[in-house]
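What follows is a single structure, written as structure tokens, with notes after it.
Quick caveat: nothing in here was measured; it's all calculated off a predicted structure. Just so you know, ligand 1 is whichever comes first in the structure, and atom 1 is the first atom listed for that ligand.
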Amino acid sequence: MGTVEEWVSAPARVAGPDEGISADELRLAARNHGLPLEALRYDVTPSGLHYLLTHYDIPALDPAGWRLTVSGAVARPLALGLDDLRARPRVTHRVTLECAGNGRARLSPRPVSQPWLDEAVGTAEWTGTPLAGLLAEAGVATSAVDVAFTGADRGVERGVEQTYERGLPLAEALRDDVLLADEMNGRPLPPQHGAPVRLIVPGWYGMAHVKWLVGVTVLESEFDGFQNVTAYRLKQTADDPGEPVTRILPKALIQPPGVPDFQSRVRVLDHGVVELTGRAWSGFAPVASVEVSTDDGGTWQPAELGPQPAPYAWRSWRCEWAALPGRYELRARARDAAGHEQPVDQAWNRQGVANNHAQRVTVIVR
Ligand SMILES: Nc1nc2c(c(=O)[nH]1)N[C@H]1C(S)=C(S)[C@@H](COP(=O)(O)O)O[C@H]1N2
Ligand SMILES: [Mo]
């Protein structure tokens with residue numbers, strides 16, 4: 001037994017040396033599914049194959065009754081319905097989203113939370129109206145610093161009951177590619193991806209893209225809500241305040257070749273020339289190179305890059321491998337045009353966020 005507070009305020013922790021994934025983590029993983037890695041074949045991820053991450057419950061929002069308020073440090077507060085929003089200028093951006101916790105379950109020691117391996121990523125075409133136009137209409141005060149985005153979903157996290165809410169620096173909120181999106185891949189947003197309207201902040205890790213958006217509040221001081229100040233921090237110890245997680249670090253993923261073993265997902269393929277393909281992305285700058293290793297990182301072969309379809313959409317790559325019989329662990333690593341290099345080995349942090357160490361694909365060549 002224990003108090004309600006004791007049940008729901010378990011502190012963040014790191015798994016012990018031999019501690020496996022718990023039923024609680026499995027329950028999270030079953031709700032928040034990843035991209036099946038074979039879906040790396042699509043330039044644009046079919047909506048149902050896009051990864052999903054929801055902290056609490058998917059809220060029920062009636063599109064007809066939905067209102068978005070724009071308030072705080074503005075000259076003219078606004079309240080808009082879905083029709084008002086849809087009557088505004090519309091644009092579509094292709095954007096790769098990745099959860100900041102992607103790669104967490106492969107860290108050692110393992111931070112206990114949503115246990116992503118490599119699959120918390122997807123690319124969609126998001127359609128909506130630029131937030132900047134709305135902020136201009138509302139008249140942002142010259143003293144403004146941050147903009148807070150409030151979702152309609154509520155829950156308890158580390159003992160703090162809250163509505164999902166994130167702050168964004170004003171300069172980012174004013175970028176012309178930041179969208180209030182009501183369509184994903186040409187269809188109204190599905191419930192799980194934020195219907196009727198979500199925020200899209202191209203280049204940033206997933207937590208910034210607030211779903212089920214109902215409030216935009218202009219702030220004259222830095223946003224100090226849970227999801228910015230406590231969660232999504234790069235920290236080494238429990239009391240280290242850490243740095244905030246922002247943009248997506250470069251990463252390459254390999255579309256696993258051959259056929260999978262059902263249980264282990266180890267790949268089985270025939271010897272000969274194998275085409276290896278995959279995707280690479282960065283939230284800082286276009287992808288500049290992808291390299292592939294078939295010998296545990298001993299040597300690296302440059303991959304051929306496909307077009308960069310949009311500034312923040314993943315780029316395809318391919319290379320050929322003359323595969324001889326044996327057991328291999330394939331790796332890929334990306335570099336972006338701003339000079340960020342993807343590390344092969346982990347750069348550990350306590351929440352297991354912004355981890356871009358290289359994927360490992362085990363392959364048996366027969
Ligand atoms: N309102 C709300 N927005 C949210 C979340 C949430 O739990 N509630 N999760 C965030 C996180 S952590 C991620 S990774 C992305 C996931 O977006 P997707 O489920 O559409 O892939 O949504 C973000 N927006
Ligand atoms: Mo996330």
Quick one: which ligand 1 atoms are inside 4.0 Å of a heavy atom on [X]?
X: T54; result: 7 (O)
X: D153; result: 1 (N), 2 (C), 6 (C), 7 (O), 8 (N)
X: C99; result: 14 (S)
X: H209; result: 22 (O), 23 (C), 24 (N)

Report the nearest protein non-hydrogen atom to [atom]: residue, atom name, distance rounded to 0.1 Å.
atom: atom 16 (C) of ligand 1; answer: Y51 OH, 3.5 Å
atom: atom 2 (C) of ligand 1; answer: Y164 CD2, 3.2 Å
atom: atom 12 (S) of ligand 1; answer: Y232 OH, 3.0 Å

Sequence neighbours left out, what pairs pass salt bridge (charged side-chain N to carboxylate O under 4.0 Å, His left out) with at least one residue falling in residues 21-30? D24-R27, E25-R110
Heavy-atom contacts under 4.0 Å between [X] and ligand 1: side chain, backbone, both, or neither?
X: H50; value: side chain
X: W126; value: neither
X: Y205; value: neither

Classify the ring geometry of Y51 against W116: parallel below 30°, tilted from 30° to 60°, perpendicular beyond 60°. perpendicular
Over 60° means perpendicular and under 30° means parallel, so classify the ring planes of W321 and Y328, tilted if in between.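 Rings of Y328 and W321: perpendicular, over 60°.
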Does R198 have a non-hydrogen atom less than 4.0 Å from ligand 1?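 Yes.
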With only distance considered, is [X] within less than 3.5 Å of ligand 1 through an N or O on each side?
X: K211; answer: yes
X: H55; answer: yes
X: L53; answer: yes
X: H193; answer: yes

Report whether L174 and L199 are members of the same hydrophobic cluster (ILVMFWY, side-chain heavy atoms less than 4.5 Å apart, transitive linking).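 In one cluster: yes.
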Identified side-chain contact (heavy atoms from CB on, under 4.5 Å) partner of L68 from the options L78, L180, T150: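 Only one of L78, L180, T150 forms a side-chain contact (heavy atoms from CB on, under 4.5 Å) with L68, namely L180.
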In short, ring-ring contact (aromatic ring centres under 6.0 Å, His included) pairs touching residues 166-209 with sequence neighbours left out are H50-H193
Salt bridge R76-E137, side-chain N to carboxylate O under 4.0 Å: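 The answer is no: the pair does not qualify as a salt bridge.
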Does N32 reach the main-chain N or O of T54 with its side chain, forming a donor-acceptor pair under 3.5 Å?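 Yes, N32 side chain to T54 backbone: donor-acceptor pair under 3.5 Å.
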Taking every non-hydrogen atom, the tightest pair across P257 and V274: CB-CG1, 4.3 Å
